[in-house]
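Below is one structure, written out as structure tokens; the observations come after it.
Hydrogens, waters and symmetry mates play no part in the numbers below; they use all other heavy atoms, side chains included. The first residue in the sequence is number 1, and the count goes up from there.
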Amino acid sequence: MDIGGVRPPEARRLFREGKAQGPTAGWCRGYAQANLAVMPRKDAYDFLLFCVRNPKPCPVLDVTEAGSAEPRRAAPGADIRYDLSQYRVYRKGEFVEEPGDIAAYWGPDMVGFLLGCSFSFEDALLEAKIPMKHIEHGENVAIYNTTIQCEPAGRFSGTMVVSMRPIPGRLVPRAVTVTSRFPGVHGIPVHVGDPEAIGIKDVFKVDWGDPPRMEPGDVPVFWACGVTPQAVALNSKPDLMLTHSPGRMFITDILNESLSVL
């Protein structure tokens, strides 16, 4: 299957029916992918405020009405309970399970947030002839927790999660320039170079995703990541938070270029 040429509605159908699995990097070229966070309405305002205060890791693309599983702006007709290949469930700060859908946890007060994902600017990086090794090898991007503190909001607080792509040193300025065009999907990197400066002791020991494939001359480049809400869930211990499984995103109907500021 040419996953890059699949249209978003077809991709969502394949995930819903369990006919496709694995990371969504490289799927539906040209369309924005999104991180997912779902919680009861009583926590939704605090979480929205957290996103407003931390737009780098949590850029909001859409918010559902309470009780509705349809992201009407990002993907009319879709259903966030079923249209991802895998989810995660957190209760009171504890990871519970990784189900194929979240229907069993859904209720009339649930609110879903779709947050911009760095997979969306990978198209632009590839067009700029910047290699994406995790896509080449069919792997997930490397993801780490850091010591970078997010600005707290209400009950939510915690550290920023980042994704890392090894970039040939001569291409780092180009990668920075390209991704700066996409603030709605994390935008410019938050750090370039020494991983220990942001609390990452060993770049080959990931917290989520797959270890990076580093080659001589590569520089680690770190972008804010929408897995941040999962670190926040572990730290803040809300009664219930439902998320995507890292690297297995919701694919929207939004064109990546519509998120470009240039």
Return the set of residues passing salt bridge (charged side-chain N to carboxylate O under 4.0 Å, His left out) with [X] (not counting sequence neighbours), or none when no residue passes.
X	value
Asp46	none
Lys237	none
Glu17	Arg13, Lys19
Asp239	Lys42, Lys92

When the side chains of residues 101-114 are checked against the rest of the protein, which donor-acceptor pairs come out under 3.5 Å, sequence neighbours left out?
residue, atom, partner, partner atom, Å
Asp101, OD1, Ala103, N, 3.1
Tyr105, OH, Glu97, OE2, 2.4
Trp106, NE1, Gly67, O, 3.3

> Quick one: ring-ring contact (aromatic ring centres under 6.0 Å, His included) partners of Phe15, sequence neighbours excluded?
Replying inline: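 For Phe15 the ring-ring contact (aromatic ring centres under 6.0 Å, His included) partners, ignoring immediate neighbours, are Trp27.
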> Residues in ring-ring contact (aromatic ring centres under 6.0 Å, His included) with Trp208, at least two apart?
Replying inline: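 Counting only residues at least two positions away or on another chain, Trp208 forms no ring-ring contact (aromatic ring centres under 6.0 Å, His included).
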> With a cutoff of under 4.5 Å between side-chain heavy atoms, which Ile, Leu, Val, Met, Phe, Trp and Tyr residues group with Tyr45?
Replying inline: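 ILVMFWY cluster around Tyr45 also holds Leu49.
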>> Through direct or indirect side-chain contacts below 4.5 angstrom among Ile, Leu, Val, Met, Phe, Trp and Tyr, which residues connect to Leu255?
In response: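 Tyr31, which link up through side-chain heavy atoms under 4.5 Å apart, make up the rest of the cluster.
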>> Tell me which pairs pass ring pair (Phe, Tyr, Trp, His ring centres under 6.0 Å) where either residue lies in residues 157-188, with sequence neighbours left out.
In response: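 Those involving residues 157-188 do not exist here.
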List the atom pairs, donor and acceptor, that lie under 3.5 Å between side-chain atoms in residues 198-207 and the rest of the protein, sequence neighbours left out.
residue, atom, partner, partner atom, Å
Asp202, OD1, Phe204, N, 2.9
Asp207, OD2, Asn145, N, 2.7

Contacts table for residues 161-169: side-chain donor-acceptor under 3.5 angstrom, sequence neighbours left out:
residue, atom, partner, partner atom, Å
Ser163, OG, Arg165, NH1, 2.9
Arg165, NE, Glu122, OE2, 2.9
Arg165, NH2, Ser118, OG, 2.7
Arg165, NH2, Glu122, OE2, 3.0

